[in-house]
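For the numbers below, each heavy atom of this structure counts, side chains included, while hydrogens, waters and symmetry mates do not. Bear in mind that the values here come from a model prediction, so they are computed numbers and not experimental data.
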Amino acid sequence: MSMAAIGIALYKYVMKYSPTNPKYINRDRLVLSNGHTCVWQYIFMHWTGFPAMTFKQLKSYHSPQQDSICPSHPQIQHDSVEVTTGPLGQGVANAIGLAVATKHLNALYSRLDLDLPDNMTWCIIGDADLQEGFALEAIQLAGHWRLNNLAVVYDNNQVTYGCSVDVTCGEDINAKMSACGWNVIDVFDGVSNVTALVQALTDAQNSREQPTFINVRTIIGFGSAKEGDSSAHGGSLGE
Ligand SMILES: Cc1ncc(C[n+]2csc(CCOP(=O)(O)OP(=O)(O)O)c2C)c(N)n1
């Protein structure tokens, strides 16, 4: 719910993808490192017309239904899921790997004077992805190698599983990302300002020299009775 506006900005205005030809080679890659929010991805797959993602399938989310394509973390065998995620931080490292692979292919094709592939890799993360050491190792490599075909979109709701972030973490994350060589963009109203989000995503696409970190301030459980509270993380929302 806190990422709904991010989804509209990405899926409606910026990301390059095809619901009817989901594996075409020059598509953008989307990696949901905070894989526990996969119902967000499933809903956008439904709205944008991925044929298999019917409303009936959406209702199978998190269920033991044998033919469900909506498991409680995204799995690569389903269309439009590029990477299976779940262990926090791992999607960040995988996304950086995808961006490296794209750069490598682009370098090979440049011998034929082709600037292809030229797709973006978008990686969505939550607070806890930034608390995993190996994500930070990959982040420093991405900055060092100037992977400008990569954007990390940070769902900064300052709430994790069971407590708020300030209990364990008080760093200046923007300064840290800048120090790692990233282009840093702030979006202060990430729950409703789609225009600002589209602008930030477009700026990331246009970055010439650096990967981009978009620090989006959001509110967990936005619109529900549990808005802003860590109980919105995984429990039922109630009435
Ligand atoms: C390496 C690892 N440790 C623990 C977990 C269990 N876990 C799932 S979600 C979560 C907290 C996520 O917090 P945040 O990234 O802020 O997401 P939000 O609550 O905002 O959705 C934890 C600890 C995990 N998935 N991976």
Side-chain angles (χ1 to χ4, degrees), residues 3 6-7 9-11 14-17 22-38 40-42 44-45 71 73-107 117-156 173-174 176-178 180-185 187 190 197 200-216 218:
M3 302 199 306
I6 294 173
L10 254 183
Y11 277 90
V14 180
M15 194 161 64
K16 212 166 56 170
Y17 61 96
K23 296 232 183 300
Y24 83 97
I25 190 86
N26 203 26
R27 68 191 182 279
D28 285 356
R29 271 40 171 199
L30 175 73
V31 180
L32 197 66
S33 192
N34 51 351
H36 58 279
T37 68
C38 57
W40 170 89
Q41 185 170 9
Y42 302 150
F44 279 97
M45 285 164 67
H73 288 79
Q75 294 184 2
I76 194 170
Q77 63 268 36
H78 302 308
D79 277 349
S80 153
V81 176
E82 305 287 354
V83 173
T84 300
T85 53
L88 293 160
Q90 169 233 303
V92 177
N94 282 169
I96 290 167
L98 289 174
V100 171
T102 300
K103 284 287 182 194
H104 178 66
L105 266 185
N106 185 287
D118 63 353
N119 61 300
M120 283 292 286
T121 296
W122 307 101
C123 180
I124 316 291
I125 67 166
D127 303 293
D129 284 290
L130 293 169
Q131 297 173 353
E132 295 294 340
F134 66 102
L136 275 300
E137 293 166 27
I139 280 170
Q140 84 78 25
L141 182 67
H144 186 64
W145 279 354
R146 300 173 180 272
L147 300 179
N148 66 327
N149 57 341
L150 170 74
V152 164
V153 181
Y154 172 26
D155 170 39
N156 181 354
I173 189 62
N174 283 0
K176 192 170 181 177
M177 297 303 288
S178 283
C180 287
W182 288 58
N183 168 37
V184 174
I185 301 175
V187 175
L197 285 162
L201 296 168
T202 309
D203 289 350
Q205 278 177 321
N206 293 331
S207 174
R208 302 307 315 155
E209 290 283 326
Q210 293 170 298
T212 297
F213 178 71
I214 307 177
N215 185 344
V216 186
T218 62

Item to check | Side-chain (W122) to main-chain (M15) donor-acceptor, under 3.5 angstrom | outcome: no
Item to check | Under 3.5 Å: donor-acceptor pair, side chain of Q90, backbone of T84 | outcome: yes
Checklist entry - Between F44 and Y11, how do the two ring planes meet: parallel, tilted or perpendicular, split at 30° and 60°? => result parallel
Item to check | Smallest separation among heavy atoms of D79 and K23, with atom names | outcome: OD1-NZ, 3.9 Å
Item to check | Candidate pair Y24 and N119, rule side chain to side chain contact (heavy atoms under 4.5 Å, CB included), full reasoning | outcome: CA-CA 11 Å; Y24 83 97; N119 61 300; over 6 Å; no
Checklist entry - Taking the side chain from N149 and the backbone from M120, do they hold a donor-acceptor pair closer than 3.5 Å? => result no
Checklist entry - Looking only at heavy atoms, what is the nearest atom pair of L201 and A9, with distance? => result CD1-CB, 3.7 Å
Next on the checklist: Could you tell me if the side chain of N148 sits less than 4.5 Å from the side chain of L150, heavy atoms only?
Outcome noted: no
Checklist entry - Are any side-chain N or O atoms of Q41 and backbone N or O atoms of S80, one a donor and one an acceptor, separated by less than 3.5 Å? => result yes
Item to check | M177 vs I173 side-chain heavy atoms within contact, under 4.5 Å | outcome: yes
Checklist entry - Is any side-chain heavy atom of D127 less than 4.5 Å from a side-chain heavy atom of N156? => result yes
Checklist entry - Do N26 and D118 get their side chains close enough for a donor-acceptor pair, meaning under 3.5 Å? => result yes
Checklist entry - Okay, side chain of W182, backbone of I139: is any donor-acceptor separation there less than 3.5 Å? => result yes
Checklist entry - Can you check whether K176 reaches L136 side chain to side chain, under 4.5 Å on heavy atoms? => result yes
Checklist outcome for this item: In short, F134 meets A93 closest at the heavy-atom pair CD1-CB, 4.3 Å
Next on the checklist: Which residue is it: I185, I6, T202? I am looking for the one with a side chain to side chain contact (heavy atoms under 4.5 Å, CB included) to L197.
Outcome noted: I6
Item to check | Shortest non-hydrogen contact between L32 and P74, atoms and distance | outcome: CD2-CG, 4.1 Å
Next on the checklist: Show the nearest heavy-atom pair for residues G35 and T85, with the distance to one decimal.
Outcome noted: CA-OG1, 3.5 Å
Checklist entry - With distance as the sole test, does N183 use its side chain to make a donor-acceptor pair with the main-chain N or O of T212 at under 3.5 Å? => result no
Next on the checklist: Measuring from atom CZ of R146 to atom OG of S207, what distance do you get when rounded to the nearest 0.5 angstrom?
Outcome noted: 10.0 Å
Checklist entry - Side-chain contact, heavy-atom cut-off 4.5 Å: D28 with L10? => result no
Next on the checklist: Out of the candidates V153, D155, N94, V92, only one should pair with S33 under the side chain to side chain contact (heavy atoms under 4.5 Å, CB included) rule; please name it.
Outcome noted: V92
Item to check | pair I25-P117: side-chain heavy atoms closer than 4.5 Å | outcome: no
Checklist entry - Within the side chain of D129, is there an N or O that forms a donor-acceptor pair under 3.5 Å with the backbone of G89? => result yes
Item to check | Min side-chain heavy-atom separation Y42-P71 under 4.5 Å | outcome: yes
Item to check | Donor-acceptor pair, side chain of R29 and main chain of R27, under 3.5 angstrom | outcome: yes
Checklist entry - To the nearest 0.5 Å, how far apart are CG in L147 and CG in L141? => result 7.0 Å
Next on the checklist: Using side-chain heavy atoms (C-beta onward) and a distance below 4.5 Å, is V184 in contact with Q210?
Outcome noted: no
Item to check | Short side-chain to backbone donor-acceptor contact, T102 and L98, under 3.5 Å | outcome: yes
Checklist entry - If you take all heavy atoms of A128 and L88, which pair is closest and at what distance? => result CB-CD1, 3.5 Å
Next on the checklist: Using the rule given for side chain to side chain contact (heavy atoms under 4.5 Å, CB included), can you reason through N34 versus M3, listing the C-alpha separation, both sets of side-chain angles and the distance that settles it, and then say yes or no?
Outcome noted: CA-CA 11 Å; N34 51 351; M3 302 199 306; 3.7 Å; yes
